[in-house]
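Labels below follow one simple rule: chain letters A, B, ... track the order of the sequence lines, proteins then strands, and each chain is numbered from 1.
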2 protein chains.
Amino acid sequence: MLYLIGLGLRDEKDISLKGLEAIKACDLVYFEGYTSKLECSVSDMEKLYGKSIIIADRNLAESGMGKIISEAESKNVAFLVIGDVFSATTHISLFAEAKSCNVKVEVIHNASVLTAVGITGLELYKFGKITSIPFDNKDIVAPIDVFEMNKSNGLHTLFLLDLNPEKGDFMTAAQAAEYLIQKGIPAETDAVACAELGSKNPGVAFDKLRSLNERIATQWAGRIPQCLIIPGKLHFVEQESLERYQD
Amino acid sequence: MLYLIGLGLRDEKDISLKGLEAIKACDLVYFEGYTSKLECSVSDMEKLYGKSIIIADRNLAESGMGKIISEAESKNVAFLVIGDVFSATTHISLFAEAKSCNVKVEVIHNASVLTAVGITGLELYKFGKITSIPFDNKDIVAPIDVFEMNKSNGLHTLFLLDLNPEKGDFMTAAQAAEYLIQKGIPAETDAVACAELGSKNPGVAFDKLRSLNERIATQWAGRIPQCLIIPGKLHFVEQESLERYQD
């Protein structure tokens with residue numbers, strides 16, 4: 001039996017009771033920690049969950065999938081994912097492969113940044129296609145194309161930002177704002193930056209792209225992960241919510 | 001202090017450890033149960049959480065907001081929401097109002113149908129605007145407009161379906177398929193129906209709108225909630241995933 005278990009956004013205590021119960025029944029517990037980052041150590045997780053954790057790095061998660069699935073044929077295996085379960089193609093493939101091999105698989109969902117951005121007051125139903133900005137973005141225009149498409153439809157655009165937890169590299173909303181300005185988005189465009197969503201004290205800042213950049217670049221140092229939103233057409237209730245994040 | 005706590009998708013055990021800890025520290029616990037439905041009773045929740053639960057019906061959640069906020073000025077108050085916290089305008093308003101009144105408010109996120117649909121194999125980043133189909137839809141074309149917009153951009157469309165848990169009314173994916181056909185969407189359009197996302201055994205069916213309707217109308221009776229997706233342009237990995245749900 002394979003359990004794909006979402007861990008939520010922040011630390012070891014964001015797991016659901018159901019997720020914890022499943023882990024406790026497992027013989028092997030893998031943790032995929034290279035597509036995002038929690039604010040706790042693996043040993044914090046091991047202590048709370050009462051199990052040793054095997055780190056699934058990029059190699060293991062991608063090429064070692066067969067190994068995990070064959071283990072799940074005879075054992076209870078948990079595969080822990082930060083956020084919700086289907087945040088990355090690898091996890092979809094693991095689920096699909098397990099099904100193909102007739103290995104029983106159960107999904108235990110959890111919170112995701114895709115809905116945690118609701119804290120901004122922007123309606124979740126009015127987001128368009130989501131895009132992400134990679135570190136190496138000198139020649140990358142896909143995020144701009146997505147933004148233009150969403151904008152023309154009056155929809156909000158969520159920019160997810162590149163990260164490399166293994167190296168401790170996290171793109172900041174300030175860097176994302178800079179990228180957007182460099183690619184020709186007017187510096188006067190309204191935007192919303194978010195940091196540490198899912199924490200006790202998440203950061204939300206609403207401002208012009210240019211000012212946002214100045215305002216949060218130093219103030220939010222170390223507050224990760226971050227993301228950036230350019231709102232589309234606003235309902236007045238959304239506008240009011242955003243204005244609360246203006247100072 | 002006001003805690004807005006997501007309960008996730010299925011039953012009382014989908015709450016996070018952090019959410020449960022917060023409830024245990026609360027003097028008053030409200031539960032908003034009119035925008036969705038869990039597969040457990042309020043007394044199951046009371047038993048596990050160790051607290052009496054006050055049902056916040058449509059009236060209390062909307063017009064009694066001032067009462068809840070003033071209670072949270074001197075007491076610890078939990079407001080429990082099915083799915084993730086910011087799924088409805090009411091919850092955004094409650095959060096915003098609390099902030100305005102300088103009442104401390106903490107959000108504890110949880111799983112949402114908006115990311116649980118990832119189980120279909122469709123990439124979450126490739127969904128367009130989300131829309132919902134109301135019961136009284138004879139003259140409603142907004143969902144069709146949203147679908148046409150998403151389609152022209154190659155994006156997937158998620159149709160959320162109306163429900164009235166107080167009356168036990170839940171629109172089914174089969175009814176939604178029928179509505180779409182009546183409004184002129186070709187019956188040969190590929191679609192994906194989902195039922196009981198977040199449960200141990202969620203239903204996913206991929207088929208033409210017309211056949212989907214026939215296939216699940218009786219087979220999925222009572223399996224709620226349901227939703228419907230019309231996929232946009234498919235990557236071959238998405239196509240393969242969907243085909244697994246074809247029989």
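Between the side chains of A:Ser112 and A:Asp84, no donor N or O sits under 3.5 Å from an acceptor N or O. Side-chain atoms of A:Asp44 and A:Ser41 include a donor-acceptor pair closer than 3.5 Å. Remark: the A:His156 side chain and the A:Glu238 side chain contain an N/O donor-acceptor pair separated by less than 3.5 Å.
Looking at B:Thr131, neither its backbone nor its side chain comes within 4.5 Å of chain A, counting heavy atoms on both sides. Contact of B:Leu158 with chain A is not made at all, since no heavy-atom distance falls under 4.5 Å. Residue B:Leu4: no heavy atom, backbone or side chain, is found under 4.5 Å from chain A. Using a 4.5 Å cut-off between heavy atoms, A:Leu124 touches chain B through backbone and side chain atoms alike. Interface remark: B:Glu21 contributes side-chain atoms only to the contact with chain A (heavy atom separation under 4.5 Å). For chain A, the nearby parts of B:Ile130 are the backbone and the side chain; heavy atoms of each come within less than 4.5 Å. Interface remark: B:Leu160 contributes side-chain atoms only to the contact with chain A (heavy atom separation under 4.5 Å). When heavy atoms are compared at a cutoff of 4.5 Å, B:Ile15 approaches chain A by way of both its backbone and its side chain. For B:Asn110, the parts sitting under 4.5 Å from any heavy atom of chain A are the backbone and the side chain alike. Residue B:Ser241 touches chain A through its side chain alone, counting heavy-atom pairs closer than 4.5 Å. Interface remark: B:Phe127 contributes backbone atoms only to the contact with chain A (heavy atom separation under 4.5 Å). Of the atoms belonging to A:Asp14, heavy atoms from both backbone and side chain fall under 4.5 Å from chain B.
Across B:Arg223 and B:Ala195, no two heavy atoms sit closer than the pair O-CB, 3.7 Å. Counting all heavy atoms, side chain and backbone alike, B:Arg10 lies closest to B:Gly198 at CB-O, 3.6 Å.
Residues A:Asn150 and A:Lys129 form a side-chain contact, since some pair of their non-hydrogen atoms from C-beta on lies under 4.5 Å apart. Taking the side chain as every heavy atom from C-beta outward, B:Glu97 and B:Ile68 never approach each other to under 4.5 Å. B:Tyr3 has its side chain out of reach of B:Phe79: every pair of non-hydrogen atoms, C-beta onward, lies at least 4.5 Å apart. Side-chain contact check for B:Phe86 versus A:Thr120: every heavy-atom pair is 4.5 Å or farther apart. Side-chain contact check for A:His235 versus A:Lys126: some heavy-atom pair is nearer than 4.5 Å.
Between chain A and the options B:Gly128, B:Gly6, B:Ala116, the largest number of non-hydrogen pairs under 4.5 Å is found for B:Ala116. Interface summary for chain A: among B:Asp11, B:Val117, B:Leu197, the most heavy-atom pairs under 4.5 angstrom belong to B:Asp11. In terms of heavy-atom pairs under 4.5 Å with chain B, the best-connected choice from A:Asn201, A:Asn153, A:Leu114 is A:Asn153. In terms of heavy-atom pairs under 4.5 angstrom with chain A, the leader among B:Val85, B:Leu20, B:Leu9, B:Ile92 is B:Ile92. Contacts with chain A were tallied for B:Leu17, B:Leu155, B:Val237, B:Val107; B:Leu17 has the most, counting heavy-atom pairs under 4.5 Å.
Ring geometry for A:Phe147 against A:Phe159 counts as tilted: the plane angle lies between 30° and 60°, on a 0 to 90° scale.
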